[in-house]
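Beneath this line is the structure, given in structure tokens, with notes to follow.
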Amino acid sequence: MSRLTQSPAWAALARHHEAMRVIHMRDLFEQDPARAQSFSYLFNDILFDFSKNRITVETLARLFDLASECRLNEAIGRMFDGRPINATEHRPALHVALRNRSNRPILVDSRDVMPQVNAVLSRMRTFTEQVRGGDWKGHTGKTITDVVNIGIGGSDLGPAMAARALGPYVKTGMHLHFVSNVDATDLVETLAQLEPETTLFVVASKTFTTEETLTNAHSARDWLVARLGSEQAVARHFVAVSTNAEKVRAFGIDENHMFEFWDWVGGRYSLWSAIGLPLALGIGWDHFEAMLSGAHEMDEHFRTEPLDRNIPVLAGLIALWYANFFGFDSQAILPYDQHLEHLPAYLQQLYMESNGKRVTLAGDDVDYATCPVVWGAAGTNGQHSFYQLIHQGTQVIPADFLAAIESQHPLGKHHEILLANFFAQPEALMRGKTAEQVRAELATRGLSPEAIAALTPHRIFPGNRPTHSILYQRLDAKTLGTLLAFYEHRVFVQGALWNIDSFDQWGVELGKELARVVEADIACQGDISPHDSSTAQLIERFKARKPSSH
Ligand code: G6Q
């Protein structure tokens with residue numbers, strides 16, 4: 001048994017779960033009229049309402065005991081102090097340094113990283129202002145109107161999600177595009193909308209070795225050179241964001257046009273680094289800095305607030321309570337905010353790449369569940385499809401509901417209707433509908449006793465299905481920064497308690513290696529290397545039937 005499952009706090013939680021398993025939230029709300037206030041937390045103008053969860057004061061006390069036994073405070077301190085918490089790669093995980101607006105020194109190998117962080121931010125600012133102000137011209141002297149980010153995974157999802165989230169703040173006449181998939185459809189259909197003379201490519205890759213990104217970048221470069229008729233054009237139309245200056249040079253991008261970041265920035269935590277450059281080009285420097293400030297405020301809260309008032313700690317502990325004691329293995333992210341439509345995909349990577357691990361830091365198999373499957377879609381669309389399972393399926397799926405008080409596009413009654421759904425769904429999920437209620441409803445509609453008996457089981461809603469409601473004033477850059485940092489730290493809390501490495505990603509690395517072997521098989525004329533018969537059959541069929549033009 002692991003240290004975690006052997007701990008006294010774990011055993012106490014297991015006993016407490018026996019009691020909580022049968023308690024309905026409906027009753028908890030009825031017994032305590034102040035329940036909403038007791039389990040809600042205001043951070044700036046964001047209300048985190050955690051009251052519709054299967055928790056009591058005692059649950060939280062027991063979870064805090066577990067956090068103390070696991071020395072969560074020390075783990076938080078180690079991250080902020082730049083200790084090598086990414087143990088398998090011997091690196092710190094210092095995304096908090098990227099938005100450290102206080103400039104508190106943060107040391108890596110006894111050297112303060114803040115001067116280099118600030119130097120890159122300052123170069124990003126200058127470049128952003130040049131491009132947006134029209135001082136940076138394309139090869140033929142025209143102003144840039146379109147920015148294409150070429151990157152994948154952590155070098156795509158963050159800026160793509162944030163560019164959509166902050167769409168209303170993107171400069172008029174500036175268009176952001178994101179190409180990630182090596183499927184040529186992604187690049188070809190994006191380029192079809194663009195004029196090379198006014199397009200700037202940002203090649204974003206931490207390693208600058210990722211095959212998908214480099215393949216897309218080379219094809220984009222060929223397109224540009226062919227259209228503008230000169231290799232010289234590359235200098236005015238390509239910049240790079242990377243940790244690998246040598247590879248950037250080898251691609252043909254001048255080092256002066258490279259924006260650096262560092263190996264202590266994880267891909268999925270890199271939005272705050274130069275990976276955010278396309279976003280900054282769209283929304284401008286003030287908004288980009290506001291996003292950093294919003295995240296920094298949440299960082300300071302996480303770093304300094306006692307555990308029992310610490311919002312990401314509370315959310316992380318509640319998630320652990322569900323994953324390990326109730327056995328809920330899925331988590332839905334349901335933004336009632338169209339601008340956050342890419343948030344589920346972004347958080348899917350953040351959670352599942354960080355905490356999708358099966359061994360502890362010491363390399364032992366875990367004897368408890370780790371990361372749930374994370375998924376979701378913008379509300380209200382989901383209500384007309386998968387919410388059926390959330391309400392009445394056999395699984396219980398904790399869900400986060402997010403919405404803004406102020407719409408970015410006030411129009412008629414749209415926002416009131418949207419928010420009515422945002423309030424009604426968590427209420428229904430919590431409350432459910434009993435057999436008595438169903439029978440009474442059907443009786444008022446004049447149904448026969450037989451019809452009522454037949455229909456009742458189908459129309460019962462068990463309720464007791466947990467949700468967090470996160471209600472913010474308006475989705476501006478600062479709020480977005482705060483929300484994203486909240487999620488990063490919540491994921492950290494879970495990983496720290498599970499004693500896993502939340503900052504490596506060997507499963508992703510595997511994908512990068514596997515395809516290269518098969519690529520050689522596809523390219524070769526003769527026999528392919530040994531594979532199982534299924535894989536061999538698929539490769540052979542592709543080779544035999546692919547059009548000769550490919
Ligand atoms: C993120 C992952 C992964 C990574 C991509 C792109 O944490 O490591 O999603 O961001 O594989 O890698 P490069 O930025 O090196 O191209």
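One-based numbering, in listed order, for ligands and for the atoms of each.
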If you count the atoms of ligand 1 from 1 in the order shown, which ones are under 4.0 Å from a heavy atom of Thr210? 12 (O), 13 (P), 15 (O), 16 (O)
Taking only heavy atoms of Ser155 into account, list the atoms of ligand 1 that are under 4.0 Å away from them. 10 (O), 13 (P), 14 (O)
Using distance alone, with no hydrogens and no angle criterion, decide if [X] and [Y] have a side-chain donor and acceptor under 3.5 Å apart.
{"X": "Ser2", "Y": "Thr5", "result": "yes"}
{"X": "Asn149", "Y": "His177", "result": "no"}
{"X": "Asn118", "Y": "Asn103", "result": "yes"}
{"X": "Gln348", "Y": "Trp375", "result": "no"}
{"X": "Asn244", "Y": "Ser242", "result": "no"}
{"X": "Glu289", "Y": "Trp285", "result": "yes"}

Please round to the nearest 0.5 Å and tell me the distance separating atom CG of Leu279 and atom OH of Tyr169. 12.5 Å
Do any nitrogen or oxygen atoms of [X] lie less than 3.5 angstrom from nitrogen or oxygen atoms of ligand 1?
{"X": "Val508", "result": "no"}
{"X": "Gln349", "result": "yes"}
{"X": "Glu509", "result": "no"}

On the six-membered ring of Phe259, is Arg123 placed so that its NZ or CZ lies under 6.0 angstrom from the centre and within 45° of the ring axis? yes
Could you check atom 15 (O) of ligand 1 against the protein and tell me its nearest heavy-atom contact, residue, atom and distance included? Thr207 OG1, 2.6 Å
Of the protein's non-hydrogen atoms, which lies at the shortest distance from atom 10 (O) of ligand 1, and what is that distance? Gly154 N, 2.9 Å
Name the option, out of [options], that contains the heavy atom nearest to [atom].
{"atom": "atom 3 (C) of ligand 1", "options": "Arg268, Glu353, Gln505", "answer": "Glu353"}
{"atom": "atom 12 (O) of ligand 1", "options": "Lys206, Glu211, Lys512", "answer": "Lys512"}
{"atom": "atom 6 (C) of ligand 1", "options": "Thr209, Ile150, Ile152", "answer": "Ile152"}

Does ligand 1 have any atom that is closer than 4.0 Å to a heavy atom of Glu212? no
